[in-house]
Amino acid sequence: MVATDRVNELFADARHMQSEALKLLEGGDIRDAAEKAWCATKRATEALVLARTGREPEIPAQTSAGLRRMAHEDERFQPLRNHFNACVKELHVDCFYDGHCEPEEDVAVTIRNSGPFIDQAEFLSSG
C-alpha cells in the first residue's frame with residue numbers, strides 16, 4: 001500500500017471517530033464521546049506523522065514523539081501538539097479512564113476542537 005493511501009485511510013478514520021464523538025456528546029454520553037474524540041485526534045496525528053516522515057507510528061509514544069519533533073522544527077505544529085496533549089490528559093485519562101469529566105463544558109469544548117484539529121493536521125500533512 002502506498003503511504004498516501006494509508007494517510008488518507010487514517011484521516012478518514014479520524015473523521016469517522018470525530019463524527020461518532022459528536023453523536024455521543026449530543027446524546028449525553030460525554031465519557032465515551034471523550035474517548036472517540038481522543039481516538040480521532042490520535043489517528044489524525046498518526047496520519048500527519050506518516051505523511052511528514054514516511055513512517056507510521058507503531059505505538060503511542062512514537063506518535064507523540066513525532067508530533068513533538070515537528071513542533072520543535074516548525075511552530076505551526078505547536079497548536080496541534082497542545083491539543084494532542086490536552087486530549088491525552090483531559091479526554092483519555094481524566095474523563096474516559098478516571099471518569100472525571102468535569103467541568104463538562106470544558107470537556108465538550110475539547111471534544112469539539114478535535115474536528116478543527118483534524119482539518120489542520122490534514123492541511124499540514126501536505127507540506
Side-chain angles (χ1 to χ4, degrees):
M1 175 181 290
V2 177
T4 304
D5 292 339
R6 182 65 179 149
V7 168
N8 291 336
E9 216 175 85
L10 289 166
F11 276 123
D13 190 39
R15 291 193 187 288
H16 173 72
M17 289 292 108
Q18 180 62 14
S19 175
E20 292 299 309
L22 295 175
K23 287 178 193 172
L24 289 163
L25 183 61
E26 189 172 304
D29 187 352
I30 195 163
R31 192 170 183 180
D32 284 336
E35 188 66 357
K36 293 287 187 200
W38 155 242
C39 181
T41 299
K42 183 175 174 292
R43 297 299 274 177
T45 306
E46 290 167 347
L48 176 62
V49 171
L50 174 59
R52 300 290 294 207
T53 68
R55 286 177 280 138
E56 185 173 348
E58 295 179 19
I59 59 174
Q62 291 173 339
T63 305
S64 178
L67 185 55
R68 183 176 54 251
R69 277 191 299 279
M70 284 184 262
H72 285 304
E73 294 170 3
D74 186 334
E75 65 185 31
R76 296 177 303 160
F77 292 91
Q78 190 58 50
L80 295 177
R81 184 176 180 216
N82 293 344
H83 178 77
F84 181 88
N85 289 336
C87 285
V88 170
K89 171 104 175 68
E90 296 171 27
L91 301 184
H92 186 56
V93 175
D94 293 349
C95 187
F96 183 72
Y97 276 111
D98 294 342
H100 180 74
C101 305
E102 299 294 330
E104 201 167 298
E105 302 81 29
D106 290 351
V107 175
V109 167
T110 304
I111 291 168
R112 287 187 188 97
N113 283 342
S114 291
F117 174 93
I118 297 166
D119 294 339
Q120 186 65 16
E122 193 164 29
F123 174 78
L124 290 172
S125 73
S126 61

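All figures in this text were calculated on a predicted structure; none of them were measured in a lab.
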* **Worked verdict on Met70 versus Asp74 for side-chain contact (heavy atoms from CB on, under 4.5 Å)** => CA-CA 6 Å; Met70 284 184 262; Asp74 186 334; over 6 Å; no
* Structure fact -> dist Phe77:CZ -> Thr45:OG1 (nearest 0.5 Å) comes out at 11.0 Å
* Asked: Glu122: what forms a salt bridge (Lys or Arg N to Asp or Glu O under 4.0 Å) with it, not counting sequence neighbours?
  -> Arg15
* Asked: Who pairs with Glu90 by salt bridge (Lys or Arg N to Asp or Glu O under 4.0 Å), at least two apart in sequence or on another chain?
  -> none
* **Whichever hydrophobic residues join Ile59 through chains of side-chain contacts under 4.5 Å** => none
* Do Ser19 and Lys23 come close enough that some side-chain heavy atom pair is under 4.5 Å? -> yes
* To do: Could you tell me the separation between the CD atom of Glu9 and the CZ atom of Arg43, rounded to the nearest 0.5 Å?
  => 8.0 Å
* Asked: Of all residues at least two apart in sequence or in a different chain, which pass the side chain to side chain contact (heavy atoms under 4.5 Å, CB included) check with Asn8?
  -> Thr4
* Asked: Rounded to the nearest 0.5 Å, how far does NZ of Lys42 lie from OG of Ser114?
  -> 13.5 Å
* Structure fact -> Residue pairs meeting side chain to side chain donor-acceptor pair (under 3.5 Å), one or both in residues 47-69, sequence neighbours left out, come to Arg6-Glu56
* What pairs with Cys39 under disulfide (SG to SG under 2.5 Å), at least two apart in sequence or on another chain? -> none
* Asked: For Ala21, what residues pass the side chain to side chain contact (heavy atoms under 4.5 Å, CB included) criterion, not counting sequence neighbours?
  -> Gln18, Lys36, Ala37, Ile111
* To do: Look up atom CD1 in Ile118 and atom CG in Leu80, then write down how far apart they are to the nearest 0.5 Å.
  => 11.0 Å
Got a list of side-chain donor-acceptor pairs under 3.5 Å for residues 99-108, not counting sequence neighbours?
none

* To do: Could you grab the distance from atom CZ of Phe117 to atom OG1 of Thr41, nearest 0.5 Å is fine?
  => 5.5 Å
* To do: Determine which pairs satisfy ring-ring contact (aromatic ring centres under 6.0 Å, His included) with at least one residue from residues 46-76, sequence neighbours left out, and list them in order.
  => none
* Asked: Quick one: side chain to side chain contact (heavy atoms under 4.5 Å, CB included) partners of Lys89, sequence neighbours excluded?
  -> Asp94
* Determine whether Phe11 and Met17 fall in the same hydrophobic cluster, where Ile, Leu, Val, Met, Phe, Trp and Tyr are linked whenever their side-chain heavy atoms lie under 4.5 Å apart. => no
* To do: Mind checking side chain to side chain contact (heavy atoms under 4.5 Å, CB included) for Asn113 and listing every partner two or more places apart, or none if nothing turns up?
  => His83, Val109
* Structure fact -> CG (Leu10) and CD (Glu46) are apart, to the nearest 0.5 Å, by 6.0 Å
Side-chain polar contacts of residues 25-33 - donor-acceptor pairs under 3.5 angstrom, sequence neighbours left out - could you list them?
residue, atom, partner, partner atom, Å
Asp29, OD1, Asp32, N, 3.2
Arg31, NE, Cys95, O, 3.4
Arg31, NE, Phe96, O, 2.7
Arg31, NH2, Phe96, O, 2.8
Arg31, NH2, Tyr97, O, 3.4

